[in-house]
Each structure stands twice: as structure tokens, then as C-alpha cells.
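Below: one structure, written as C-alpha cells.
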Protein chains: 2
Amino acid sequence: MTVLRKRVVQDNFDLNERSQLVLRSIIENYIQSSEPIGSRSLSKSLGVKLSPATIRNIMSDLADLGFLIQTHTSAGRVPTDSAYRFYVDSLAPPASIPEQIKQKLSAVPNEHGTQVEEILAETVHLLADLTKFACVVSTPKAAVSRLQRIELIKLSEDRILVILVTKAGVVRDKIIFVNESHSQKFLNSVTEFLNKKFKDRSMQEIRDEIHQSLVNDRSRYHELLAHAVRIGKKAFELNQPGEMLIDGQMNLLLDSHFHELSSVRSLIDAFDQKSAILKILDDSMKQKGVHIFIGVENDFKLLQDCTLITASYRNNQNVLGSIGVVGPTSMDYKRIISMVDYTAHILSKTITEQSYD
Amino acid sequence: MTVLRKRVVQDNFDLNERSQLVLRSIIENYIQSSEPIGSRSLSKSLGVKLSPATIRNIMSDLADLGFLIQTHTSAGRVPTDSAYRFYVDSLAPPASIPEQIKQKLSAVPNEHGTQVEEILAETVHLLADLTKFACVVSTPKAAVSRLQRIELIKLSEDRILVILVTKAGVVRDKIIFVNESHSQKFLNSVTEFLNKKFKDRSMQEIRDEIHQSLVNDRSRYHELLAHAVRIGKKAFELNQPGEMLIDGQMNLLLDSHFHELSSVRSLIDAFDQKSAILKILDDSMKQKGVHIFIGVENDFKLLQDCTLITASYRNNQNVLGSIGVVGPTSMDYKRIISMVDYTAHILSKTITEQSYD
DNA sequence: AATTAGCACTCATTGGGGGGTAGTGCTAAT
DNA sequence: ATTAGCACTACCCCCCAATGAGTGCTAATT
């Protein structure tokens with residue numbers, strides 16, 4: 001499992017073993033309790049024997065380094081975003097997923113013939129349920145997916161049903177409208193032509209090539225091919241901007257960190273702007289592994305009180321999309337990271353089984 | 001616009017003009033302010049000149065009739081579910097929808113070729129946005145929809161892609177697995193057979209007939225037809241239990257009526273049980289017009305703090321599904337009712353344009 | 001007979017004050 | 001280097017009293 005660091009922690013500090021222990025302990029306690037951690041209570045819960053006073057000194061240093069803040073003068077300390085970052089990068093022990101959870105995640109429908117969208121919906125629902133946070137997943141990008149099969153079906157004089165089957169097993173249908181009526185027989189020959197010419201090519205390539213054909217080779221094609229290319233152009237036009245499924249938004253409301261109405265409101269707004277989240281998911285597809293965006297590390301302002309953890313899923317050939325979890329910055333990182341990672345793997349496996357590659 | 005009354009109000013009471021005025025005024029004030037209405041403030045806001053004392057007497061009577069309750073002894077009065085029912089049945093003036101809203105609702109995508117699911121998604125999103133409540137819509141029931149076209153496409157040795165196009169313009173695709181490999185040519189003749197035999201028939205009929213064929217006529221069919229029937233059986237098997245789209249759940253959180261965590265939680269649970277809501281939508285498809293379920297009138301316990309308003313949408317031939325709004329019992333009934341009604345009409349119109357009937 | 005004014009009463013809400021508590025920082029002793 | 005001790009801080013909780021919006025009832029008024 002590769003965990004990318006989005007933002008490198010400043011290097012000009014020196015945390016000895018003990019400070020690290022204290023920091024880790026504060027973070028883990030805080031993740032559990034959601035309440036500021038004081039020196040006294042920490043002294044008790046800490047394995048090592050250290051007096052509250054000593055811990056206070058250490059805490060003071062950690063505060064100076066920007067890892068802890070106080071909500072007010074006489075309150076305990078709370079980890080900052082940098083603290084979580086350091087924790088994730090250096091302190092968090094790798095988590096193993098309980099067998100029970102693994103089983104549940106593996107129970108994603110994988111009978112033969114399950115549609116990709118269904119698999120995604122089930123997966124994101126399951127992950128939301130297990131993490132108790134909000135989960136998102138982007139559907140396979142049409143542009144990168146490669147053609148397995150195209151089919152043209154005459155529905156009426158001016159309507160043609162286009163079926164696109166991609167290598168990843170995604171079936172897309174849309175209806176195109178044409179000016180002149182074509183016989184099904186003619187459409188069959190167009191189908192054959194398009195399949196022969198474009199099978200295994202990516203949608204983007206296909207579109208580009210058709211575009212070129214229309215621009216350059218207008219004269220070279222005879223009548224039938226001209227029709228075919230024109231229909232093909234419409235058929236391969238990308239009408240879907242890319243989609244995203246969300247599940248478990250409501251889970252966040254039950255989380256103790258989002259009890260203030262203001263933060264809930266910004267979350268609501270965040271999920272309304274699907275395109276912004278989709279962009280993050282798309283970006284994180286570009287690099288392998290688990291991506292973690294903690295609080296202010298999110299470029300998307302409305303998510304700056306949250307942590308977003310994503311991982312891409314793929315089939316044999318291509319990275320297809322990303323799945324992610326949105327939760328409070330004080331989430332149980334090791335648990336959630338490993339779950340996102342594991343889910344992405346299972347999802348990749350399931351989808352690969354559906355693929356034609 | 002037909003507005004059905006789910007539960008008839010008791011008839012053994014006698015509300016004179018003035019009592020009705022007071023009740024209506026209380027309800028409308030409460031809908032606006034979400035705060036208990038007292039006799040003094042009502043006396044001021046009421047058009048007619050009545051002293052607080054008089055109003056108190058009237059209020060007391062209304063309370064006896066079960067139309068008003070107090071949250072505590074010295075608080076103002078709040079309308080009961082029965083009051084809303086009476087209001088909806090007798091007091092609410094018919095509302096006209098502002099031209100602006102009409103325009104927005106009419107802006108639902110209706111370009112040629114838009115898929116039904118997309119139309120539904122856009123519509124429910126728009127309605128949620130305009131009402132500021134949660135909205136649901138059920139997708140066209142597969143069982144009632146009638147076949148326009150079926151197509152079988154060989155994807156691999158054991159996979160056949162089945163495309164079903166219904167009269168309502170809904171395209172469903174699924175992949176079926178077969179034991180023996182069939183040539184595309186063979187599939188084409190099966191396609192032709194199935195289309196000829198079953199076009200314009202409802203899915204339910206088709207399934208029944210195929211079932212009969214398998215049971216009774218086994219011997220009569222020659223080899224090809226036997227295959228065709230077997231493939232047809234799989235193709236027409238209903239794998240989708242019926243679906244529902246939800247939008248704007250989060251709107252409810254911002255509503256002043258759901259500020260207590262407990263009621264939010266029950267709403268969350270309610271929306272998790274899609275099947276229960278879907279059942280209500282399905283039931284209300286059976287009768288024309290707008291259906292209103294106020295508070296306890298909902299059989300579904302988790303919705304008993306809410307009002308659900310539904311209306312069915314249809315194409316020329318069939319009632320296809322229902323669209324609904326879930327909000328607090330103290331919603332602006334005349335506004336919401338007319339919006340749901342109008343939306344259902346627009347939706348019907350849009351979908352009819354996509355249909356083949 | 002219907003309406004209203006007056007009055008006693010109720011009860012949620014608000015704001016202030018005090019004790020308790022969990023925390024800090026600093027200093028001096030170990 | 002660690003710890004004990006101590007002064008200090010600020011939240012939280014509880015109590016209390018004042019406030020105010022509301023009611024129900026009764027007697028006076030129209």
C-alpha cells in the first residue's frame with residue numbers, strides 16, 4: 001500500500017521518541033474521545049510513567065511546533081492538521097483489517113452479469129456503512145475506457161439507439177436523432193464498420209479520429225462511409241460529464257465533530273458541488289495508491305474541516321475511477337486508510353472479472 | 001387537480017366562519033414562524049378586530065376539537081395533524097404557482113434523446129431545490145411497462161447483452177449468461193422472434209406467457225424456438241426490484257423543525273429504508289391526483305413527524321411512477337401541493353414526448 | 001348573549017453569581 | 001532532567017430570580 005504525502009511536514013524539528021509517543025497518544029485519545037486531552041489524564045492513560053508536569057512540558061514543545069492547539073487557555077490540547085499529517089506519515093502503525101470487515105467488504109455483489117454501476121453503488125454503500133462516514137465513488141471515465149462493442153438499433157424513423165460496451169464491462173446507451181431515415185440493414189453495416197475500425201481503441205482516440213476524418217477525408221469516403229462516420233460522430237459524442245455516487249452523507253451528522261450547524265451547512269454545500277469533489281477524485285486517479293487530504297490540505301474550501309481519503313480502482317488495463325471517504329480530520333486514520341485501500345482492491349478485482357481485457 | 005383525502009376528519013363539529021378564520025390564521029402563522037401562536041400576537045396579526053380574550057375562547061374550543069395543542073401550559077398553541085388535514089381539505093385556498101417557479105420547473109431537460117433516468121434525476125433535484133425539502137421519485141415500474149423493442153447482442157461465448165426498450169422510452173440493459181454458445185446470427189433470429197411475438201405487451205404478460213410456454217408447450221417447439229424461449233426467459237427476468245431517486249435530504253436539516261437530533265435520526269433511518277418509501281410511492285400510483293399524508297397518517301412510522309406529498313406521473317398509456325416531497329408537517333401546503341402537482345404534470349409531458357405510444 | 005378587560009397563575013427562557021473542576025504555566029525542589 | 005507544588009484561568013453546571021409570553025377564569029361591558 002502506497003500512501004502519498006500530499007504536503008511534506010516541515011523538517012526543521014526534532015521529535016525524540018518520547019515526544020512522538022506523547023503526540024501519538026494525544027492524537028489517538030482525541031480520535032476516540034473528541035475531547036481536548038489534558039496532561040493529567042494523558043499521564044494516566046500513557047503506558048510509560050511520566051508525571052503530568054513532564055507531559056505539560058512536552059505538550060508545550062509540541063504546541064510550539066504547531067502540532068497542538070488549545071481551544072482556550074485552560075483547556076486541554078487538540079491536534080492540528082499538521083499533527084494528523086505527521087501521524088499519518090510517521091506515527092500511525094499499519095492497521096490490519098479485522099477479518100469480519102474484510103468479509104463484509106468482499107461480499108460486494110460479484111455474481112456474473114452485475115452491472116458496473118450496481119457494483120459501485122453497493123460498494124460505496126457498504127463502505128459508508130462500515131466507516132460511518134460519507135463515501136464517494138466516481139464512475140469509470142468514458143474518455144479513457146476502450147471500446148469492446150458498439151451497436152446501433154433503429155428505434156423509429158429518426159431515432160437510433162446506440163449501445164456502447166466498454167472493455168471494462170460498462171454498458172452505456174443513448175438515443176441519437178438523425179435527419180434521414182436509415183434501414184436497420186444499413187445500420188448493421190455501419191455497426192460492423194465501426195466495430196471493426198474502432199474496437200479496442202479508447203473513446204478519446206475514436207472521437208479524435210472521427211473528427212479528423214470529417215475534416216480531412218471528406219471526399220475520399222463514398223456515400224455509405226460518409227453516413228457511417230456521421231452517425232459514428234454522434235454515437236461517440238461524450239454526453240455524460242462523468243458521474244459520481246455519494247452515500248452516507250447523513251453519517252456525518254451523527255459524528256460528534258459536526259454538531260455545530262455551521263460545519264454541517266458547509267458540508268451540505270460541499271456535496272452539492274459534485275463537480276468539485278469529482279475533480280479531486282479525478283486528480284487522485286493520476287497517481288497510484290491511497291491519497292490523504294487532511295483539513296486545510298484540501299484545495300476545495302468547503303472540505304477544509306474534513307479529511308478526504310481516496311484510492312483509485314482499475315481493471316487490468318486502465319485506472320477507471322476513484323473511491324473516497326469524507327470524515328472529520330480526527331478520524332481513525334489507520335483504520336479508514338486501510339479500509340479505503342482494501343475496498344479499492346476488492347473493487348478492482350470485482351470489476352476486472354467483469355472486464356473483457 | 002384532484003386532492004385525495006387520506007383520512008376523513010370527524011364530522012361532528014361545527015366550525016363557524018370566525019373559528020375557521022382563526023384556525024387558518026394560526027396554521028399559516030405557524031407555518032411561517034415555526035413558533036407556538038399566542039392569542040395576543042394573533043389578535044394583532046388577524047385582519048378582523050378581535051380581542052385576545054375572545055381569541056383565547058375560540059382557541060380553547062379548537063383545542064377541544066383536537067385541532068390545537070400546547071407544548072406546555074403557558075405556551076401558545078400549535079396545530080395538530082388533524083388541523084393540517086382540515087386546512088388542506090377545507091381552508092387552504094388554491095395556490096397559483098409563481099410564473100418564475102413554473103419556468104424553472106419547465107426547464108427540466110427535454111431535448112430529444114435525454115434518458116428517462118436523467119429526466120427524473122433532474123426533476124427531483126429541481127423540485128428539492130425549489131421546495132427546500134427532500135424529494136423522491138420512483139423510476140418507471142418494469143412490470144407495467146410495455147415492450148417496444150428487445151435486442152440481443154453477443155458479447156462473448158457465454159455472455160449476451162440484452163437491451164430492452166420500453167414504450168415509455170426507458171432503456172434497460174443487462175448481461176445474461178448462457179451455457180451454450182450462440183452465433184450472433186442465431187441471436188438475431190431469436191431477437192426477431194421475440195420482437196414479433198411480444199412487441200406492445202407488458203413485461204408482466206411476457207413473463208407469464210414465457211413461463212406458460214416452458215411448462216405446457218415444451219414438446220411443440222422445435223429446437224430453435226426452445227432456445228429462443230429459454231433465452232427470452234432470462235432476458236425478461238426482472239432483476240431490478242424497482243428503484244427510487246432521492247434528492248435534498250440535507251435540506252431537511254436546515255429546516256427549523258428538525259433541529260432536534262432525535263427527529264433527524266429517524267429521518268436518516270427513514271431514507272435508509274428505501275423500500276418502505278418506495279412502497280408508499282407505488283401505492284399512491286394506483287389513484288390519480290395528489291396524495292397527502294400528514295404526520296400520523298403515514299403508515300410508515302419513521303415518517304410520522306413528516307408530511308409526504310406525492311403525485312404520479314405517466315405517459316399516454318400508463319401510470320409510470322410517483323414523485324414526492326417529504327417535509328415537516330408544518331409545511332406551506334398550498335405552495336407545495338401545487339408544486340408537486342405541477343411538477344408531475346411537466347414530468348408526464350416530458351416523458352410522454354419520449355414515449356413510443 | 002357575546003365580547004372584553006382584568007387578574008392570578010404557569011412555565012420556559014434569560015442572565016447573573018458561585019462552587020467545582022480540569023486544565024495550564026511557572027518555579028523551586030529533588 | 002524530572003517532578004511537586006502552587007497560583008491562575010476558564011469552562012461548566014447548578015441555582016436563583018426576574019422576565020415575559022402565554023393561559024384560564026371571572027366579572028364587567030356592550
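Every chain is numbered from 1, with letters handed out A, B, ... down the list of sequences. Below, each value reflects all heavy atoms present in this structure, side chains not excepted, and no hydrogens, waters or symmetry copies.
Taking a pair to require two hydrogen-bonding distances under 3.5 Å in either a Watson-Crick or a G-U wobble arrangement, C:dA29 pairs with D:dT2. Checking C:dT10 for Watson-Crick or G-U wobble geometry (two distances, each under 3.5 Å) identifies D:dA21 as its partner.
Interatomic distance, B:Ile27 CD1 to B:Thr80 OG1, rounded to the nearest 0.5 Å: 8.0 Å. Between the CE atom in B:Met331 and the OG1 atom in B:Thr131 there is a gap of 8.0 Å [rounded to 0.5 Å].
Side-chain nitrogen and oxygen atoms of A:Ser60 include none within less than 4.0 Å of the OP1 or OP2 phosphate oxygen of C:dT24. OP1 or OP2 of C:dG25 sits under 4.0 Å from a side-chain N or O of A:Arg77. Listed pair B:Thr54 / C:dT4 meets the phosphate criterion, a side-chain N or O lying under 4.0 Å from OP1 or OP2.
Taking the side chain as every heavy atom from C-beta outward, A:Arg40 and A:Lys44 approach each other to under 4.5 Å.
No donor-acceptor distance shorter than 3.5 angstrom exists from the side chain of B:Ser25 to the backbone of B:Leu21, with no hydrogens or angles considered.
In this structure, the CD1 atom of B:Ile37 is 8 Å from the P atom of D:dG22, given to the nearest Å. If you take CD1 of B:Ile58 and C1' of C:dA1, they are 15 Å apart, rounded to a whole angstrom. The CZ-C1' distance, from B:Arg18 to C:dT3, rounds to 8 Å in whole Å. Here the P atom of nucleotide C:dC26 and the CG atom of A:Asp61 are 12 Å apart, to the nearest Å. Here the C1' atom of nucleotide D:dT3 and the CG atom of A:Leu42 are 16 Å apart, to the nearest Å. A:Glu35 places its CD atom 20 Å from the P atom of D:dA10, with the value rounded to the nearest Å. Taking atom CG on B:Asn57 and atom P on D:dG24, their separation rounds to 9 Å, with Å as the unit. Between the CD1 atom of A:Ile55 and the C1' atom of C:dG25 there is a distance of 15 Å, rounded to whole Å.
Residues from residues 68-75 of chain A with heavy atoms under 4.0 angstrom of DNA chain D, sorted by number: A:His72, A:Thr73, A:Ser74.
Under 3.5 Å, the side chain of B:Arg56 and the base of C:dG6 form at least one donor-acceptor pair of N or O atoms.
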Practice item. Any chance you could lay out the side chain to side chain donor-acceptor pair (under 3.5 Å) test for B:Thr310 and B:Ser322, step after step, and finish with the verdict? Key: CA-CA 6 Å; B:Thr310 73; B:Ser322 267; 4.8 Å; no

Practice item. Give the intermediate values and the outcome of side-chain contact (heavy atoms from CB on, under 4.5 Å) for residues A:Leu42 and A:Met59. Key: CA-CA 11 Å; A:Leu42 188 63; A:Met59 280 173 141; 4.3 Å; yes

Point to revise | A:Asn16/A:Ser19 under side chain to side chain donor-acceptor pair (under 3.5 Å): CA gap, chis, key distance, verdict | key: CA-CA 5 Å; A:Asn16 57 28; A:Ser19 304; 2.6 Å; yes

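Of the listed nucleotides (D:dT3, C:dG23, C:dT4), D:dT3 has the atom at the smallest distance from the side chain of A:Leu50.
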